[in-house]
Amino acid sequence: MYRFFVQPQVDQRRRAVFGYELLLRKEMDGRWAVPQSFTELPLDKQADLLAQLAGQLKTKATNQVLALNLNRQQAEDDLMLGTIIYLKKRLNPAALTIELTESPSLAEIQKYSLFFHQYGIKLSIDDVGTGSNTFENIQHALPFVDQIKFAMQNLRMSGQAERIPREVAFWRDVAQDYRLEFILEGVEDQKDQKMAEQQGIERHQGYYYGKPRLIADDCQFVNGSC
């Protein structure tokens, strides 16, 4: 069995949850775990799960954003564009953001931008500054996307936490230069929150606001909680 867990995305200036990142989990031996491959569950089945979750979260009423991750293999699927566009029609008028976890080619990002933006679907590049998502590798894509996300936990896990303020400032400036939304992930405590506020970053995500959680079938989700 597969389900989406949700983690809130917070507008700190407004003190409000504006959306949720959806994180696919698989039930194994009585517990929920990250699948070995996110392509285990076909994208159309993930879209069905997302549409079901949107009903539970009442996103048509709140217009809160649902953010779905796509890796390269999923993005290259010939049926991907149609699946995502059909999903957006099912979610209307609620908002949908597609988070690309790996840098696309110029031709790919031009195609995604052309089709998705026609239907009001936003494009995001996740984990900028990590792995292959360096500025040099994603610069060509920035004019075609709406958002970038920087995950502080990636530097913490690699023992490079001292680089966080400098890297956050760099990617904040990139977002400003390219007129992009910027979400800072990995906000774990008041210290992280204060650092983000000092750098003028309003959109946050992290354990400080809530760990990824499973939404019960009978949950009435209001203002970030059941």
Side-chain angles (χ1 to χ4, degrees), residues 4-7 9 19-26 33-41 43 46 65-77 80-81 84 96-113 116 121-188 192 195-196 199 201 203-208 211-212:
F4 277 119
F5 281 52
V6 302
Q7 185 173 37
Q9 298 176 325
Y20 303 93
E21 181 176 1
L22 307 184
L23 303 164
L24 188 65
R25 297 293 183 262
K26 180 180 181 181
V34 178
Q36 289 187 343
S37 171
F38 290 101
T39 57
E40 289 180 13
L41 187 66
L43 190 57
Q46 293 192 34
V65 180
L66 295 178
L68 176 67
N69 293 302
L70 284 188
N71 63 23
R72 175 165 287 280
Q73 185 175 351
Q74 292 170 315
E76 291 176 345
D77 189 319
M80 183 274 291
L81 286 173
I84 298 301
L96 176 65
T97 295
I98 298 301
E99 296 187 6
L100 301 172
T101 61
E102 299 164 86
S103 176
S105 69
L106 179 58
E108 288 168 340
I109 196 63
Q110 288 174 332
K111 179 174 69 174
Y112 304 156
S113 177
F116 285 161
I121 302 168
K122 289 188 174 182
L123 278 168
S124 175
I125 299 180
D126 198 11
D127 290 339
V128 294
T130 299
S132 63
N133 283 352
T134 63
F135 177 74
E136 291 74 17
N137 285 345
I138 70 169
Q139 185 178 10
H140 67 275
L142 294 176
F144 299 96
V145 302
D146 308 282
Q147 178 190 98
I148 57 175
K149 299 179 71 179
F150 181 84
M152 294 190 290
Q153 64 267 27
N154 291 333
L155 287 178
R156 291 185 177 123
M157 291 171 61
S158 63
Q160 303 178 77
E162 74 283 354
R163 292 177 50 198
I164 287 175
R166 182 174 68 256
E167 291 292 325
V168 169
F170 172 81
W171 287 105
R172 175 207 60 198
D173 290 347
V174 169
Q176 291 176 351
D177 288 345
Y178 283 87
R179 307 300 189 267
L180 304 175
E181 297 172 2
F182 182 59
I183 297 180
L184 182 63
E185 295 184 276
V187 179
E188 297 181 351
D192 288 343
M195 184 271 291
Q199 297 216 30
I201 300 166
R203 298 196 165 196
H204 307 172
Q205 182 178 336
Y207 282 10
Y208 186 62
K211 295 182 179 181

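- Expressed to the nearest 0.5 Å, how far CG of D177 lies from CZ of R172 amounts to 10.0 Å.
- In this structure, Y112 contributes its side chain and A75 its backbone to a donor-acceptor pair below 3.5 Å.
- The shortest distance between side-chain heavy atoms of D192 and I164 does not fall below 4.5 Å.
- For the atom pair T39 OG1 and D77 CG, the distance stands at 10.0 Å (nearest 0.5 Å).
- Atom CD of Q73 has 12 or fewer heavy atoms from other residues, nucleotides or ligands within 6.0 Å.
- Using a distance-only test at 3.5 Å, with no hydrogens or angles considered, a donor-acceptor pair links the side chain of Q199 to the main chain of P165.
- Rounding to the nearest 0.5 angstrom, the gap separating the CG atom in D146 from the CD1 atom in I121 is 11.0 Å.
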Between E167 and Q160, is a side chain to side chain contact (heavy atoms under 4.5 Å, CB included) present by the stated rule, with each step listed?
CA-CA 11 Å; E167 291 292 325; Q160 303 178 77; over 6 Å; no
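- With hydrogens and angles ignored, the 3.5 Å screen pairs a side-chain donor or acceptor of N133 with a backbone N or O of D126.
- Between F170 and the choices D173, V174, V168, the side chain to side chain contact (heavy atoms under 4.5 Å, CB included) rule is met once, by V174.
- Under the side chain to side chain donor-acceptor pair (under 3.5 Å) rule, K122 has a single partner from E99, E181, Q147, which is E181.
- In this structure, the side chains of N71 and Q74 come closer than 4.5 Å at one or more pairs of heavy atoms.
- Closest approach of H204 and A196 over heavy atoms only: NE2-CB, 3.5 Å.
- Interatomic distance, I84 CD1 to L68 CG, rounded to the nearest 0.5 Å: 5.5 Å.
- Between the Q139 side chain and the E136 main chain, no donor and acceptor come within less than 3.5 Å of each other.
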Can you list the steps and then say if N69 with L24 is a side chain to side chain contact (heavy atoms under 4.5 Å, CB included)?
CA-CA 9 Å; N69 293 302; L24 188 65; over 6 Å; no
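- Across all their heavy atoms, F150 and L155 have their closest contact at CZ-CD1, 3.8 Å.
- Side-chain N/O atoms of N154 and T130 include a donor and acceptor closer than 3.5 Å.
- Here the shortest heavy-atom pairing between I125 and V128 reads O-CG1, 3.7 Å.
- Using a 4.5 Å cut-off on side-chain heavy atoms (C-beta onward), F116 and L96 make no contact.
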Go through the steps to decide whether V145 and Y178 satisfy the test side chain to side chain contact (heavy atoms under 4.5 Å, CB included), and finish with yes or no.
CA-CA 9 Å; V145 302; Y178 283 87; over 6 Å; no
Walk me through whether E185 and D127 qualify under side chain to side chain contact (heavy atoms under 4.5 Å, CB included).
CA-CA 9 Å; E185 295 184 276; D127 290 339; 3.9 Å; yes
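- Formation of a donor-acceptor pair under 3.5 Å by the T97 side chain with backbone atoms of L123 is not found in this model.
- One finds the CD1 atom of I98 at 10.0 Å from the OG atom of S124 (value rounded to the nearest 0.5 Å).
- Using a distance-only test at 3.5 Å, with no hydrogens or angles considered, no donor-acceptor pair links the side chain of R203 to the main chain of I201.
- Side-chain N or O atoms of R179 include none that pairs as donor or acceptor with a backbone N or O of P143 at under 3.5 Å.
- In the displayed structure, Q36 atom CD is contacted under 6.0 Å by at most 12 heavy atoms of other residues, nucleotides or ligands.
- Here the closest non-hydrogen pair linking H140 and S103 is CE1-OG, 3.7 Å.
- The closest side-chain heavy-atom distance from M152 to E188 is not below 4.5 Å.
- The structure places OG of S37 at 10.0 Å from NZ of K26, a figure rounded to the nearest 0.5 Å.
- Considering every non-hydrogen atom in both F182 and A175, the closest pair reads CB-CB, 3.7 Å.
- Among all heavy-atom pairs drawn from P212 and Y207, the shortest one is CD-CE1, 3.8 Å.
- Neither side chain, E21 nor Q7, offers a donor N or O lying under 3.5 Å from an acceptor on the other.
- Q46 places a side-chain N or O within 3.5 Å of a backbone atom of F38 that can act as its donor or acceptor partner.
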